[in-house]
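Below is one structure; the comments refer to it alone.
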Amino acid sequence: QVQLVESGGGLVQAGGSLRLSCTASGLTFATSSLGWFRQAPGKEREGVSYIKWHGDTTAYADSVKGRFTISRDNAKRTVYLQMRSLNAEDTAMYYCAAVVVDGSRPLDRRSYQYWGQGTQVTVSS
């Protein structure tokens, strides 16, 4: 019954910004930690960002640090990924994921139980 639904993807020119959203149902959102992942053509799915259930602990991949910001709104049961200064290397399908019990590797896809179906981000150069 758990569902994660991403939205906000689209086509954007290099240097532009997008905000992705992921709304969850069927789980206790306020006590679940969340992550954003992405998968580009021909590449493995990689961790982009993470936010702990209490919201004070975050993590970012080196490739997006300083450009992307993760946040959450428990009342809306939504996690966001604000992306700025986008470049062609950011082109990928972006997925949100949730886990009830944190593991030791927050940017590892194997740490997560639940996944959305993704939203496509395409950056034109």
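- With sequence neighbours excluded, the residues satisfying salt bridge (charged side-chain N to carboxylate O under 4.0 Å, His left out) with Asp62 are Lys65.
- Residue Leu4 shares its hydrophobic cluster (ILVMFWY side chains chained together at separations under 4.5 Å) with Val2, Leu27, Val100, Val101, Tyr114.
- Note that CZ of Arg109 and OH of Tyr95 are 11.5 Å apart. Values are rounded to the nearest 0.5 Å.
- The distance from atom OG of Ser125 to atom CG of Leu86, rounded to the nearest 0.5 Å, is 12.5 Å.
- Within the structure, salt bridge (Lys or Arg N to Asp or Glu O under 4.0 Å) contacts touching residues 3-31 (residues at least two apart or in different chains) do not occur.
- Residues meeting the side-chain contact (heavy atoms from CB on, under 4.5 Å) test with Val121, sequence neighbours left out: Leu18, Leu20, Met83, Tyr94, Val123.
- Distance OG/Ser124 to CD/Gln13: 5.0 Å, rounded to 0.5 Å.
- For the disulfide bond (SG atoms under 2.5 Å apart) condition, no pair includes a residue of residues 48-88, sequence neighbours left out.
- In this structure, Val99 and Ser111 have side chains that are not in contact, with every pair of non-hydrogen atoms separated by 4.5 Å or more.
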Are Phe29 and Trp53 close enough, and set up right, to give a side chain to side chain contact (heavy atoms under 4.5 Å, CB included), and what steps lead you there? CA-CA 8 Å; Phe29 186 86; Trp53 65 269; over 6 Å; no
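- Heavy atoms only, all atoms of each residue included: Ile70 and Leu34 are closest at CD1-O, 4.3 Å.
- Environment of CD in Gln113: crowded, with over 12 heavy atoms of neighbouring residues, nucleotides or ligands closer than 6.0 Å.
- Evaluation of the side chain to side chain donor-acceptor pair (under 3.5 Å) rule for Thr122 yields Gln120 as partners, not counting sequence neighbours.
- Listed here is the closest heavy atom pair of Ala92 and Ala40: CB-N, 3.8 Å.
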Tell me, with the steps shown, if Thr23 and Thr78 meet side chain to side chain donor-acceptor pair (under 3.5 Å). CA-CA 4 Å; Thr23 300; Thr78 300; 3.1 Å; yes
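- Arg105 meets the side chain to side chain donor-acceptor pair (under 3.5 Å) test with Asp108; sequence neighbours excluded.
- Note: Tyr60 and Tyr50 fail the aromatic proximity criterion, with ring centroids not under 6.0 Å apart.
- Closest non-hydrogen pair, Pro106 versus Tyr112, comes out as O-OH, 2.5 Å.
- Counting heavy atoms from C-beta on, the side chains of Thr57 and Ile51 never come closer than 4.5 Å.
- Among residues at least two apart or in separate chains, salt bridge (Lys or Arg N to Asp or Glu O under 4.0 Å) pairs with a member in residues 24-38 are Arg38-Glu46, Arg38-Asp90.
- In this view, Lys52 and Asp102 satisfy the side chain to side chain donor-acceptor pair (under 3.5 Å) rule, not counting sequence neighbours.
- Under the 3.5 Å distance criterion, the side-chain polar atoms of Arg45 are left unmatched by any main-chain donor or acceptor of Gln39.
- Val5 shares a hydrophobic cluster with no other residue; no ILVMFWY side chain has heavy atoms under 4.5 Å from its own.
- Separation of atoms CD (Gln82) and OG (Ser17) is listed at 6.0 Å; rounding is to 0.5 Å.
- The six-membered or imidazole ring of Trp115 lies near that of Phe37, with a centre-to-centre distance under 6.0 Å.
- Between Ser7 and Thr119 there is no side-chain heavy-atom pair separated by less than 4.5 Å.
- Between Gly16 and Val12 the shortest heavy-atom distance is CA-CG2, 3.9 Å.
- Among residues at least two apart or in separate chains, there is no salt bridge (Lys or Arg N to Asp or Glu O under 4.0 Å) pair with a member in residues 71-86.
- Listed by first and then second residue, the disulfide bond (SG atoms under 2.5 Å apart) pairs involving residues 9-118 are Cys22-Cys96 (not counting sequence neighbours).
- Taken from CG in Leu107 to OG in Ser49, the straight-line distance is 7.0 Å, to the nearest 0.5 Å.
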Pair Trp36-Val79, side chain to side chain contact (heavy atoms under 4.5 Å, CB included): steps then yes or no: CA-CA 9 Å; Trp36 283 99; Val79 61; 3.8 Å; yes
